[in-house]
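See structure below.
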Amino acid sequence: MKKKQDILSKPLTLKKINIININNTDTKLNKIPKPNWIKIQIPIETDRINHIKKSLRQNNLHSVCEEAQCPNLSECFNNGTTTFMILGSICTRNCPFCAVQHGKPRLVNTDEPSKLSHAILDMKINYVVITSVVRDDLYDGGAQHFVNCIKSIRKKNNVQIEILVPDFRGRINLILKIFNQGLPDIFNHNIENVPRMYKTIRPGANYKRSLLLLESFKKQYSHIPTKSGLMLGLGETYLEIIQVMKDLYSSGVELLTIGQYLQPSINHLPVKRYISPSEFDDIKNEALSIGFSNAFCGPFVRSSYHASLQSCASVNKL
């Protein structure tokens, strides 16, 4: 692996980003028209999709694929994969980019870990991604519930487990102690965007706090790969993107996902620009030159999109 100080001092080869003309808007919804590369294929076969949805309903479980209106839902469900969302479906924060419902959450369902384990067995999957709504109403932010889910899954299933966690309000020492009871195979926390945009897109979050969470977990559990992700198209600049990647790498992050922000509804933040596939390729090359084990970058890339492939790519390079 390249020396970190050499990588961080490497001059950048900046490429011009093709910005879709903001004046060319759809007057009905006042949106930038979607370019031709933002197209989702409708699946012909839906049996697998229906089976996963049925299993989720029967076990009273939620998927972030549905709650966050992920564009990859049909593809992932058809491949027999899903990202489970624990701790309910109501988030205590109201991020204006996110489609997940916000408000006052219900009590934690203590049966959820066992139901989650049963659903994974029923779906016959070997790589599991677990995320959650933000639960600022809980002192530990839901960390113990994450661990309970991990332990329950491992009792019945021989699977790899990736967790995508919130920032836990910065209670890092407590969180590290709790996760020592049951560790995941991949630890993921999304940085989401550049620090200049945080007040707009991530109220209640803190850029440095998120970096510290990733760095602290890596220092405590150095054998576990760490991962983070960004969504682009909200007004960030190319230089800001590069700086965030450097910050993540300096914090011990090995895996990176970068995708296009897509506006869930007219009530959410609008897309400021669409990044072309070739520009995503350029960003990926920059990420690899910085030193990441792997970087998945593209219009429809999300944190858990083809997560098992991301994990395999990471293991092969470590």
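Predicted, not measured: the structure shown is a model, and the values here were computed from it.
- Among residue pairs with one or both ends in residues 170-180, none qualify as side-chain hydrogen bond (donor to acceptor under 3.5 Å, both in side chains); sequence neighbours excluded.
- Between His268 and Gln263, the shortest heavy-atom contact is O-NE2, 2.8 Å.
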Self-check item: Asp137/Arg106 under salt bridge (charged side-chain N to carboxylate O under 4.0 Å, His left out): CA gap, chis, key distance, verdict
Solution: CA-CA 10 Å; Asp137 60 312; Arg106 297 173 182 172; over 6 Å; no

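- Partners of Arg154 by side-chain contact (heavy atoms from CB on, under 4.5 Å), not counting sequence neighbours, listed by chain and number: Ile150, Ile161, Asp185.
- Hydrophobic clustering keeps Val128 apart from Leu164 (ILVMFWY residues linked when any side-chain heavy atoms are closer than 4.5 Å, directly or through intermediates).
- The pair Glu254-Lys227 does not count as a salt bridge, with every side-chain nitrogen at least 4.0 angstrom from each carboxylate oxygen.
- The two residues Ala287 and Leu256 come nearest to each other via the heavy atoms CB-CD2, 3.9 Å.
- By the 4.5 Å heavy-atom criterion applied to side chains, Thr83 and Arg302 are not counted as neighbours.
- Scored by the side-chain hydrogen bond (donor to acceptor under 3.5 Å, both in side chains) test, Lys156 finds no partners at all (sequence neighbours excluded).
- Remark: Lys34 pairs with Ile38, Tyr274 by the side-chain contact (heavy atoms from CB on, under 4.5 Å) rule, at least two apart or across chains.
- Remark: Lys284 engages no residue in a salt bridge (Lys or Arg N to Asp or Glu O under 4.0 Å) (not counting sequence neighbours).
- Sequence neighbours left out, the pairs with a member in residues 211-235 that pass ring pair (Phe, Tyr, Trp, His ring centres under 6.0 Å) are Phe187-Phe217, Phe217-Tyr221.
- Contacts of Asn285 classified as side-chain hydrogen bond (donor to acceptor under 3.5 Å, both in side chains), with partners at least two apart in sequence or in another chain: none.
- Clustering ILVMFWY residues whenever any of their side-chain heavy atoms sit less than 4.5 angstrom apart, transitively, puts Phe146 in the very cluster that holds Ile175.
- For Asp140, there are no salt bridge (Lys or Arg N to Asp or Glu O under 4.0 Å) partners two or more places apart in sequence or in a different chain.
- Between the side chains of His102 and Thr92, no donor-acceptor pair is found at a separation under 3.5 Å.
- Minimum interatomic distance between Leu288 and Ala295 (heavy atoms only, all atoms of both residues): CD2-N, 4.0 Å.
- Ionic pairing of Lys208 and Glu215 is not present here: no N-O contact between side-chain nitrogen and carboxylate oxygen is shorter than 4.0 angstrom.
- For Asp111, the CG atom counts as densely surrounded, since its 6.0 Å shell holds more than 12 non-hydrogen atoms of other residues, nucleotides or ligands.
- In this model, a donor atom of one side chain and an acceptor atom of the other lie less than 3.5 Å apart for Ser117 and Asn157.
- Between Leu269 and Tyr261, the closest heavy-atom pair is O-OH, 2.5 Å.
- Contact annotation: the side chain of Leu232 approaches that of Ile241 to within less than 4.5 Å [non-hydrogen atoms, C-beta and beyond].
- The shortest non-hydrogen separation linking Leu87 to Val133 is O-CG2, 3.3 Å.
- Checked against side-chain hydrogen bond (donor to acceptor under 3.5 Å, both in side chains), Arg202 has the following partners two or more places apart in sequence or in another chain: Tyr198.
- Partners of Asp281 by side-chain contact (heavy atoms from CB on, under 4.5 Å), not counting sequence neighbours: none found.
- Both Ile258 and Ile191 belong to a single network of hydrophobic side chains, linked directly or stepwise wherever heavy atoms of I, L, V, M, F, W or Y lie under 4.5 Å apart.
- Among residues two or more places apart in sequence or in another chain, the side-chain hydrogen bond (donor to acceptor under 3.5 Å, both in side chains) test is passed with Ser132 by none.
- Closest heavy-atom contact between Leu234 and Met231: CD1-CE, 3.9 Å.
- The shortest side-chain heavy-atom distance between Val301 and Phe280 does not fall under the 4.5 Å cut-off.
- Taking Asn148 as the reference, Pro113, Gln144 meet the side-chain contact (heavy atoms from CB on, under 4.5 Å) condition, with sequence neighbours excluded.
- By the 4.5 Å heavy-atom criterion applied to side chains, Tyr238 and Ile242 are counted as neighbours.
- In this structure the side chain of Asp136 reaches within 4.5 angstrom of the side chain of Arg169, judged on heavy atoms.
- Ile90 and Leu138 end up in different hydrophobic clusters when Ile, Leu, Val, Met, Phe, Trp and Tyr side chains are linked at under 4.5 Å.
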Practice problem: Determine, step by step, whether Glu236 and Arg273 satisfy the salt bridge (charged side-chain N to carboxylate O under 4.0 Å, His left out) criterion, reporting the C-alpha distance in whole Å, the side-chain angles of both residues, the deciding distance to 0.1 Å, and the verdict. | Solution: CA-CA 10 Å; Glu236 69 288 330; Arg273 61 183 173 93; 3.3 Å; yes

Practice problem: Determine, stepwise, if the pair Leu230 / Val244 fulfils side chain to side chain contact (heavy atoms under 4.5 Å, CB included). | Solution: CA-CA 9 Å; Leu230 293 88; Val244 170; 3.7 Å; yes

Quiz prompt | Verdict with reasoning, His189 to Ser228, per side-chain hydrogen bond (donor to acceptor under 3.5 Å, both in side chains) | solution = CA-CA 5 Å; His189 172 66; Ser228 191; over 6 Å; no

